[in-house]
Structure formats: structure tokens, C-alpha cells
Amino acid sequence: MLLALDTATRQLGLALHDGAALILEQTWPSDNQHNVQLASAVAAALERCKITPSSLTAFAVAIGPGSFTGLRIGVAAAKGMAMANHAPLIGVNTLDIAAAGVPGGGSNALVACVAAGRGRVVVRSYSWRKGEWRPRSDMRLTDWIGLASSIDGSAIITGDIDAAGLETLADAQRQGIPITIAPAGYRLRRAGILAELAWAQLRAQSSAGFDPAQVVPVYVKSGAL
Amino acid sequence: MSIILGIETSCDETAAAVIIDGQRIASNVVASQIDLHAQYGGVYPEVASRAHVEAIDPVVRQALTDAALSIDRLDAIAVTRGPGLVGSLLVGISYAKGLALMSGKPLLGINHLEGHIYSLWLTQPLQEANFPVVVLIVSGGHTELVLMRGHGVYERLGGTLDDAAGEAFDKVGRVLGLPFPGGPNIQRTAEAGQADAYQFPRAKRDQSFDFSFSGLKTAVLREVTRTSPKGPHGEKGVTLKEGVSVADAAASFQAALVDALVEKTVRAAQTYDANEILLAGGVSANALLRTQIKNTAQLPVRYPPLNLCTDNAAMIAAAAHHRFAAGQRDSIAFDVLPTWPLSRLSHAPLDA
């Protein structure tokens, strides 16, 4: 059983996934209460699913981009958990989680967004290849106008899009920029998807390759990352 | 009997230790970030938080390996809850919560200042305090004068109104062109200097037990430096006046600061009929402070061994021992307390 934690932004997400099925998934707006809420939410989730802590054999955590404090809480807590259970810890990029939540089959280009505070957003472009969204750019820090003006060709936009972002992107659509805003149900970044991506990594390589000490947050600075 | 894992990340040291019965050190691991912060001349909070995330896992593993213990042998996990840098504290707290939740071990959130006090109990053989005692906690982040009437019973008598004593050492060290951290480097430099070369102010000569060191710092700055033309990036230029002896300035500054610490601490001990004076914290490693307080006070003076003066996790586990024995168990939902005066700790006596 794998436990996935996402504290990268104001929302808090957790999921339990046994490799075959997603057992539980929760996402709620935690604001700045990650430290207070995370451990007891995990305890409650385990109890609800009648899963003992010691039966967790793998952990996954969103490593950013995101809030520096949120990332440190999630990564440090996940390291402590993995240490206690002698289990592997898989770190997954927050933008990759956001992208993987959108089904393929529509446009073959996608831009995932993670809120970076003060009206800014970290974005990364993906293209649909061989049944999955694969990164086709580096991460970059921008704002909504910068994002809208950088779109060349049709693209789906997903991830953290606040009210100002929805407005700016709708304006861009009216000006003929061929973007599609992913439906709200797909935009929400999900710990269940994080768990899926982590399982895929675990299956691809032996768990000895996932030393918890090696997992570090992705810190986004202005300019290049 | 208790076996407690302590975790400490309140400032710029990532530390973990295993302590038996609040007294015997089974392991004590400290990963210092001094080299990382030296380029800034002080602790850079974001840099500290990042370094903790990278160091916490290897440091805790090393502490358990050194103690030759597995997690299931532990009775409790103790972590510094405050006071300190919030981003740094959260790393240790989050890690400890994860560890406690998965292992089912009790979790205790410990006050960092109380930890410094309990570094005095990490002695072989155990030396119990002869209460009431006056404790001077002096470090880079804290300068606190505390009356301790029993285990866990604290009355704050005073503290710094501006810079902590160790912070004053760092800032003056920087002015004198000495490397970070200022304390040990000023002490070393002062050995070759005359302590009466400059008459620096002895800060707050009043009847309170509060300290103030920013005036002293400014006096040193005014005495030994002059402003010079701005640098290529417009930075304010401050250079030492010609003919200034760095050793004399260091010795005179150190003497002024130590005078202030000793006067208030000894007077507090007399006022409250203390049986002992205890020193703790990084600045308690200062040789002049140790000697002068011993010579001035007509009381026994004790201080921790040098390696336990600066931040460490052994002291956190030692403080936790008394609280664990008294039945304290904290919820895994506890919040970080970046500001947490000792006087807000439980006043109920703890069974030793």
C-alpha cells in the first residue's frame, strides 16, 4: 500500500493506492494549516480504511514547484514516514501531477499551472505521446498575461487557475488564441494521480533506487529554474 | 527508564540524538550549517530551511545507528516546537510527526530554551540541581534570565530588549572583519588585546534584569569604523579606522558584554536566594563569561560541556525525559510556536 501526500499549494491532498486500485483520495483547501492538519488527516484516513500504518510499504510526495513552506512540510513528513517504515519515497513534480490528471484524446498540447503567489504561476508545456503527457519545455515563472501570450497553437490549460486567471484566459480566447480551459474537475490536482505516477516509477525500477534522503523540493526562482 | 529520540532544527543546526533517562548520551549527531551561512555573516533563514530538508533524514538515521537502536526500541520522539525560525522548525516537526505517526511512538513538542537548560543534566554522574537556581541562557538567538524553582517551573526574570548576546558577537565580529560565527572568533582575537583599551558602555545599568546590546554594538561601530566611499554597487562602505587594533576592540567589546551578563545574573541570584547559577547556550562557551561569573558569584556556577552549549538534540531529548515521565504526550496536530517564552510553559512541577 502506497500513501501519497501533496502539500505543495494551499490545498492538501492525500491518497491510498495499493497498486491495483485507488483506495481513498481526499483534497481540501488547507490554506496555511498543513503542519496542523497533515498527520492527523493521514491517521484518520488510515483508520477509516482499516489500514495499519505498518502496512504502508511505499510513500509518494509532491516535490514542487509550489509554496516553499508547504513543500518542506510535505517532504519532511514523508521522509519521516518512509524512515519509520523502511520504505521507498518517490518524489513527483507538481506540474506532472497536474498534467496527468487531464485525459488525452483532445488537443495534443497542454500547459500545466501551479500557483506561485502574488498573481504569478509556474507553468510547463506538455505534449501527448504514447498515451501520456510528456514535458516538452522547462518550468518557468510567469503571470496570466505572460502565459496567454506564450501560447502558439491550440492547447489545454490545466492546474491552479484562479479567478483572475480564468478571466485573462477567457479574454485570450475571445481574441482568437486557441486555448481550452480544462474543466474544474480535471483542473484539481489529485493525490490519486500522484499515487498512480509513483506506482509507475516503482514498477519501472527497484525500490532501492528511491532513497528518501535524496528527495528534495523543487524551488522556483524568477527567471530560469 | 526512558529511551528518547530528540530532533532539533530551530535555527542552523540539524541535530538528532538518543538519550537514556534524560542523562546518558547514546548518540548525539549535529550537522552544522556554519559554512553555508558564513558568506552572509549570519543565519539566512531560507538557506537554513533548505539545508534542514536535505540533512534531516541522514542525521536521524545516524543518531539511531550510533545508538545501535531501532525505532521500535524508543519510548518517545521529542522535537523542538519553538522558539526559533518557523521554516526551520517546521522541517523537524514534520519529520518527527511522520516518524511518530508511522511508528506509533508518543510525540513531545519541546521548548528550545528548556532544552538548553537541560543540557546541564547531561552529565556523568547525574548532578541534580539544588533548586531554586538562576539560569542564564545566552546564544545567537536568545538572552534569557530565568528563575527555576523545580523541574518544569520557570519564572522569566528578564531578557534582551534588542539583540541577543550571540547576535551582538556576530555583528561586531563582522564589523571587525572576523569570520562568522563571531563568538569564538572574537574570543580568540581578544586574547591578544587590552580589555581596557576602549571604554564601551555596560548597557542598561538599571535595576531590571533586562539586557540591551544594540547600544554597545553601535558604540563599537562608532569607535572603530569610518564610512568610506560607496562601493561599485552602491553598498554602504564601512572600513576600520586607521590604527585601530582589532584585538583591543574585540577584548574591550567582550569585556563590556560579559560585564553586563555577569552583573545582572549575579544580582538575580542574590535577589532570589538562588543556590546555584546555571549557564547554557552557545555564548556560555565563552571563557571570560565562565571565569568572571565564577569569580563574582559567591555560589556554585555550572555550565554544559562545550559541545552541548551550542544547539543540539541531546538537550531536547533530556528536557523531554522529565515531561515524558510526568505523563506529557502531545497531539500530532500541534502547531509550531516560533515565539514561545519559557514563562508560558506549564507551571505544574514535573516529577523528576
Side-chain angles (χ1 to χ4, degrees), chain A residues 1 3 5 7 12 14 30 32-47 51-59 61 63-64 67-89 91 210-219 221, chain B residues 5 7 9 14 16 31 45-65 70-74 77 79-82 85-107 109 330-338:
Chain A
M1 184 70 70
L3 171 68
L5 308 172
T7 57
L12 206 161
L14 58 90
S30 166
N32 296 321
Q33 292 297 302
H34 295 81
N35 167 51
V36 172
Q37 295 181 354
L38 179 64
S40 27
V42 170
L46 291 173
E47 196 174 348
I51 293 168
T52 59
S54 59
S55 58
L56 296 174
T57 53
F59 296 86
V61 67
I63 55 166
S67 137
F68 293 175
T69 299
L71 292 172
R72 283 195 278 266
I73 290 170
V75 169
K79 285 185 178 191
M81 293 177 189
M83 154 78 173
N85 286 17
H86 308 287
L89 173 62
F210 298 102
D211 177 3
Q214 302 302 318
V215 176
V216 287
V218 173
Y219 300 103
K221 295 190 200 125
Chain B
L5 170 68
I7 296 176
T9 63
T14 314
E46 177 63 23
V47 170
S49 303
R50 291 183 182 195
H52 285 306
V53 177
E54 295 188 26
I56 186 77
D57 200 63
V59 164
V60 173
R61 282 172 199 268
Q62 191 64 48
L64 290 168
T65 305
S70 62
I71 295 167
D72 46 283
R73 292 284 309 283
L74 300 173
I77 296 163
V79 64
T80 307
R81 185 179 176 185
L85 301 170
V86 63
S88 290
L89 287 164
L90 280 170
V91 174
I93 290 172
S94 301
Y95 190 92
K97 285 182 174 180
L99 204 52
L101 175 60
M102 289 302 142
S103 63
K105 300 296 179 185
L107 178 68
D330 290 324
S331 152
I332 52 171
F334 77 67
D335 204 354
V336 58
L337 295 174

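Protein chains get the first letters and strands the later ones, always in sequence-line order, with residue 1 at the start of each.
Within the 4.5 angstrom heavy-atom criterion, only side-chain atoms of A/L56, from C-beta onward, approach chain B. The parts of A/V36 that come within reach of chain B are both its backbone and its side chain, each placing non-hydrogen atoms under 4.5 angstrom from that chain. Heavy-atom distances place both the backbone and the side chain of B/L101 under 4.5 Å from chain A. Interface remark: A/L3 contributes side-chain atoms only to the contact with chain B (heavy atom separation under 4.5 Å).
Note: B/S94 leads B/A55, B/S103, B/S70, B/S94 in heavy-atom pairs under 4.5 Å with chain A. Interface summary for chain B: among A/M81, A/Q33, A/Q37, the most heavy-atom pairs under 4.5 angstrom belong to A/M81. The candidate from A/S40, A/A43, A/A41, A/A77 with the greatest count of non-hydrogen atom pairs under 4.5 Å with chain B is A/A77. Your options are B/L90, B/V86, B/D72, and the one with the most heavy-atom pairs under 4.5 Å with chain A is B/L90.
Side-chain atoms of B/D57 do not come within 3.5 Å of backbone N or O of A/P212 as any donor-acceptor pair. Distance alone, capped at 3.5 Å, places no donor-acceptor pair between the A/T7 side chain and the A/L12 backbone.
A search for salt bridge (Lys or Arg N to Asp or Glu O under 4.0 Å) contacts involving B/R81 returns nothing, not counting sequence neighbours.
For B/E46 and B/R50, the salt-bridge test passes: some basic side-chain N is under 4.0 Å from an acidic carboxylate O.
A side chain to side chain contact (heavy atoms under 4.5 Å, CB included) with B/T14 is found for exactly one of B/V53, B/I7, B/I56, namely B/I56.
Annotation: cation-pi pair B/K97/B/F334 present, NZ/CZ under 6.0 Å from the ring centroid and within 45° of its normal.
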